[in-house]
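A quick note: this is a predicted structure, and the numbers were derived from the prediction, not measured.
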Amino acid sequence: MEGSTFNSQGIYRKSLALRDLSEAVASYFSYNRDFFALRRYGSFRDDISKSIVVDATLIAKEIEHVTKSQSNTVRMKSLSFIQVMTQNILAYCNGLEKDGVKEKEYLNLLRKEIKTFRSSFKKWRKSFQNGLED
């Protein structure tokens, strides 16, 4: 159990790092200078930027949900949801690129962070699928 707790803590820390980087990248690309205000967005780029932050935040929340849930069904749904959110963020990066973002190195940094997270996430997810974390 000690090892599984470490894995959960490790993946949670990685999700927080992903969230923080997502917030930084998204706020950089947003036209809305009051980015974190809860109001309607003004542009496609603002919409995508906000979606990146929302999905990255949801990933961290779903990891918490997985670790606290006693239901294997609930865990599996959350794990699938996390996978979808990582795919969404990669798609949002592509959307920003197609919207004319010039600073592609920031998008590539976020893509690299997503790929690193996904690699760790796949190992963590397998521990649930194999019944190692109960």
Side-chain angles (χ1 to χ4, degrees):
M1 270 312 203
E2 216 171 276
S4 63
T5 302
F6 174 77
N7 287 336
S8 293
Q9 289 174 351
I11 197 70
Y12 183 69
R13 278 193 300 272
K14 287 178 189 267
S15 74
L16 293 178
L18 174 62
R19 183 202 61 200
D20 292 347
L21 180 61
S22 294
E23 287 176 355
V25 168
S27 66
Y28 180 80
F29 287 127
S30 176
Y31 291 127
N32 182 355
R33 290 300 134 212
D34 193 13
F35 181 71
F36 292 104
L38 296 175
R39 69 170 103 142
R40 189 146 172 81
Y41 321 126
S43 71
F44 178 70
R45 191 173 294 187
D46 288 343
D47 287 347
I48 291 177
S49 297
K50 192 69 170 183
S51 294
I52 288 171
V53 173
V54 168
D55 284 4
T57 301
L58 287 172
I59 289 169
K61 288 181 181 181
E62 287 299 314
I63 288 172
E64 282 185 71
H65 196 222
V66 169
T67 59
K68 291 178 181 178
S69 177
Q70 299 301 313
S71 167
N72 209 30
T73 302
V74 170
R75 285 178 177 173
M76 291 302 122
K77 284 182 182 179
S78 289
L79 292 168
S80 293
F81 186 69
I82 292 167
Q83 188 172 351
V84 169
M85 294 299 102
T86 60
Q87 291 169 343
N88 286 351
I89 294 172
L90 288 173
Y92 298 144
C93 288
N94 293 340
L96 284 171
E97 197 167 358
K98 288 178 181 168
D99 191 49
V101 164
K102 302 273 187 264
E103 301 87 349
K104 292 181 183 164
E105 64 272 11
Y106 294 122
L107 293 176
N108 289 334
L109 183 63
L110 184 54
R111 286 177 177 125
K112 183 178 177 187
E113 187 70 24
I114 282 285
K115 288 176 184 172
T116 300
F117 173 82
R118 287 175 84 179
S119 175
S120 297
F121 173 73
K122 286 177 185 177
K123 292 173 191 167
W124 185 66
R125 184 183 65 208
K126 273 187 180 179
S127 72
F128 285 101
Q129 292 170 335
N130 295 331
L132 299 176
E133 288 208 30
D134 282 324

Gap between atom CG of Leu110 and atom CG of Leu21 - 0.5 Å precision: 5.0 Å

Residues which pass side chain to side chain contact (heavy atoms under 4.5 Å, CB included) with Ser80, listed by chain and number, not counting sequence neighbours: none

Over all atoms of both residues, closest heavy-atom pair of Ser27 and Ala24: OG-O, 3.1 Å

For Tyr12, all residues meeting side chain to side chain donor-acceptor pair (under 3.5 Å), sequence neighbours excluded: Glu64

Ring geometry between Phe121 and Trp124 (parallel below 30°, tilted from 30 to 60°, perpendicular above 60°): tilted

Worked verdict on Ile63 versus Ser8 for side chain to side chain contact (heavy atoms under 4.5 Å, CB included): CA-CA 8 Å; Ile63 288 172; Ser8 293; 6.0 Å; no

Plane angle bin for Tyr106 and Tyr28 - parallel if under 30°, tilted between 30 and 60°, otherwise perpendicular: tilted

For residues 91-101, run the donor-acceptor check on the side chains, cut-off 3.5 Å, and write out each pair with its distance to 0.1 Å, sequence neighbours left out.
residue: Tyr92; atom: OH; partner: Asp55; partner atom: OD2; Å: 3.3
residue: Asn94; atom: OD1; partner: Arg111; partner atom: NH2; Å: 2.9
residue: Glu97; atom: OE1; partner: Arg111; partner atom: NH1; Å: 3.3
residue: Glu97; atom: OE1; partner: Arg111; partner atom: NH2; Å: 2.6
residue: Asp99; atom: OD2; partner: Arg45; partner atom: NE; Å: 2.9
residue: Asp99; atom: OD2; partner: Arg45; partner atom: NH2; Å: 3.4

From Ser120 atom OG to Leu18 atom CG, the distance as rounded to the nearest 0.5 Å: 11.0 Å

Closest contact, heavy atoms only, Lys14 versus Glu113: O-OE2, 4.5 Å

Value rounded to 0.5 Å, distance of CG in Leu90 from CD1 in Ile52: 10.0 Å

With sequence neighbours excluded, residues passing side chain to side chain contact (heavy atoms under 4.5 Å, CB included) with Ser119: Lys123

Partner set under side chain to side chain contact (heavy atoms under 4.5 Å, CB included) for Glu62, not counting sequence neighbours: His65, Ser78, Phe81, Ile82

Reported OG-to-CG distance for the pair Ser15 and Asp20, which is rounded to 0.5 angstrom: 9.5 Å

For Val53 against Ala26, the heavy-atom pair lying closest together: CG2-CB, 3.6 Å

Cluster overlap Leu79 with Val74, hydrophobic side-chain contacts below 4.5 Å: no

Set of residues satisfying side chain to side chain donor-acceptor pair (under 3.5 Å) with respect to Gln83, sequence neighbours excluded: Arg125

Shortest non-hydrogen contact between Ala56 and Ile89, atoms and distance: N-CD1, 3.8 Å

Side-chain (Ser69) to main-chain (Val66) donor-acceptor, under 3.5 angstrom: no

Criterion side chain to side chain contact (heavy atoms under 4.5 Å, CB included) on Phe117 and Ile59, from CA distance to verdict: CA-CA 11 Å; Phe117 173 82; Ile59 289 169; 3.6 Å; yes

